[in-house]
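Step one of this worksheet: look at the structure below.
For the single chain, residues carry numbers from 1 onward in sequence order.
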Amino acid sequence: MFKAVLIEKDDAGYRAGLCELDDAALPEGDVTVRVEYSTLNYKDGLAITGRGPVVRKFPMVPGIDLAGTVEASSHPGIAVGDRVLLNGWGVGEGHWGGLAQRARLKGEWLVPLPAAFTARQAMAIGTAGYTAMLCVMALERHGVTPDKGEVLVTGANGGVGSVAVALLARLGYTVVASTGRPDEADYLKALGAAEIVDRAQFAAPGKPLARERWAGAVDTVGSHTLANVCASTRYRGTVAACGLAQGMELPATVAPFILRGVTLVGIDSVMAPREERIEAWRRLARDLDPARLELMTREIGLGEAIDTAAALLEGKVRGRVVVDVNR
């Protein structure tokens, strides 16, 4: 038997609860992992609360991230005792995920846990930090270097935003953090932000083109915010878009793209190729300051995940939430 958060939907409605399950209930897969830590991401919050159509089959164990030790494997190249982690691949949506003490998965979804990280540190990073690293790599590929000017991070208090601020600052960029929580300014400056701006200046409909300011940007918000960020990005600048906290729509014009040559890069962390994942984790091991990672991390037990998921969607959680599934 193992403990898990289980989401059910039936005539009694949609609900999530903590329960004990038998190993025989685990889904198909060629690797069984004894999970040590998972995380709570925005998508997990939507799944647990039912506020977004994330879960595709029921019952479902949520959790798009996990780290732990292989207990059984028939997958070539993965052996019992290997330390592994997982991000994405539809886990926690269509396949049972990481908010449980055990998981059965496809071996091709797993990557080795970098030696530089404990399982807890890897989950403090999680999909949010891995996505932030993919955003930074995209900016670099498109020529956004520290000497080009300021880089904006929207939704900076969230998981992706916090890690993006810390990564960019350590790499020498001048980082401007956008947030709706001005009382968190000291936190963001401790992560490396040079300036804090109010998200309100981006949240409402704006002009097709605004004054050029940003050499690059990491946007976790979408909607009018993303449109306004693109409109104020400098000539040949790049915006990496990876979230939709404000909304999925993009009420923009083509003006920034055809008059300033702005590049809008979509960042997909769920289905990214294995090679790109491994490179992102290698870069995280090199470029993320462990002290700043700890500064943005809060740990909870598995039994606290449901209540914390609701708080996350209400904007009451900053940084990263690590879930110790064994307490």
Side-chain angles (χ1 to χ4, degrees), residues 39-42 45 121 123-140 144 146 148-203 213-226 228-229 232-233 237-246 267 283-284 287-300 308 311-322:
T39 70
L40 277 181
N41 296 282
Y42 191 81
Q121 287 174 319
M123 290 297 94
I125 296 168
T127 284
Y130 149 66
T131 301
M133 189 73 249
L134 292 177
C135 291
V136 172
M137 290 162 59
L139 296 182
E140 292 174 340
V144 181
K148 295 292 178 64
E150 296 172 312
V151 174
L152 176 70
V153 177
T154 66
N157 268 97
V160 177
S162 291
V163 181
V165 169
L167 282 169
L168 289 162
R170 190 166 192 194
L171 290 168
Y173 292 87
T174 301
V175 184
V176 177
S178 167
T179 180
R181 289 182 270 173
D183 55 314
E184 298 284 11
D186 289 344
Y187 162 74
L188 291 168
K189 288 181 178 178
L191 294 181
E195 183 183 345
I196 315 300
V197 296
D198 194 321
R199 71 181 180 195
Q201 70 183 73
F202 304 105
R213 180 168 181 183
W214 319 115
V218 174
D219 177 64
T220 71
V221 178
S223 189
H224 292 293
T225 295
L226 177 55
N228 287 322
V229 170
S232 53
T233 296
T238 298
V239 178
C242 63
L244 43 68
Q246 186 181 7
I267 304 297
R283 288 288 306 277
L284 284 160
D287 297 331
L288 184 59
D289 183 346
R292 286 180 173 172
L293 176 63
E294 188 60 30
L295 181 66
M296 68 180 80
T297 301
R298 168 190 172 196
E299 182 179 318
I300 64 172
T308 307
L312 190 155
L313 294 188
E314 292 164 7
K316 297 177 180 178
V317 176
R318 78 175 185 192
R320 300 288 297 125
V321 178
V322 173

Can you tell me if [X] uses its side chain to pair, donor with acceptor, with the backbone of [Y] under 3.5 Å?
X: Arg320; Y: Met123; result: yes
X: Gln121; Y: Pro290; result: no
X: Ser162; Y: Ala156; result: yes
X: Tyr42; Y: Leu244; result: no

Would you give the length of the straight line joining atom [atom1] of [X] to atom [atom2] of [Y], rounded to the nearest 0.5 angstrom?
X: Leu226; Y: Thr154; atom1: CG; atom2: OG1; answer: 8.0 Å
X: Leu171; Y: Glu140; atom1: CG; atom2: CD; answer: 6.0 Å
X: Ile196; Y: Leu188; atom1: CD1; atom2: CG; answer: 4.5 Å
X: Met137; Y: Leu284; atom1: CE; atom2: CG; answer: 9.0 Å
X: Met133; Y: Leu288; atom1: CE; atom2: CG; answer: 9.0 Å
X: Leu168; Y: Leu191; atom1: CG; atom2: CG; answer: 11.5 Å

May I ask you to test the [X]-[Y] pair for a side-chain heavy-atom distance under 4.5 Å?
X: Arg298; Y: Thr308; answer: yes
X: Met296; Y: Val165; answer: no
X: Trp214; Y: Val239; answer: no
X: Glu150; Y: Glu195; answer: yes
X: Val160; Y: Cys242; answer: yes

| query | Does the side-chain contact (heavy atoms from CB on, under 4.5 Å) test come out yes or no for Ile300 and Leu40, once each step is laid out? | reply | CA-CA 10 Å; Ile300 64 172; Leu40 277 181; 4.1 Å; yes
Only one of Asp219, Val197, Val218, Val175 passes side chain to side chain contact (heavy atoms under 4.5 Å, CB included) with Leu152, and that residue is Val197
Measure across [X] and [Y] and return the closest heavy-atom pair with its distance rounded to 0.1 Å.
X: Tyr187; Y: Gly319; result: OH-CA, 3.5 Å
X: Val229; Y: Ala217; result: CG1-CB, 3.5 Å
X: Thr174; Y: Ala194; result: CG2-CB, 4.0 Å
X: Thr297; Y: Ala124; result: OG1-CB, 3.4 Å
X: Gly155; Y: Thr220; result: CA-OG1, 3.5 Å
X: Val151; Y: Tyr173; result: CG2-CD2, 3.6 Å

Quiz prompt | Neighbour count above 12 (heavy atom, 6.0 Å) for Arg292 CZ | solution = yes
### Query
Which residue pairs satisfy the salt bridge (Lys or Arg N to Asp or Glu O under 4.0 Å) criterion with at least one member in residues 165-191, sequence neighbours excluded?
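For residues 165-191: Glu184-Arg318.
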- Can you list the steps and then say if Ile125 with Leu293 is a side-chain contact (heavy atoms from CB on, under 4.5 Å)? CA-CA 7 Å; Ile125 296 168; Leu293 176 63; 3.9 Å; yes
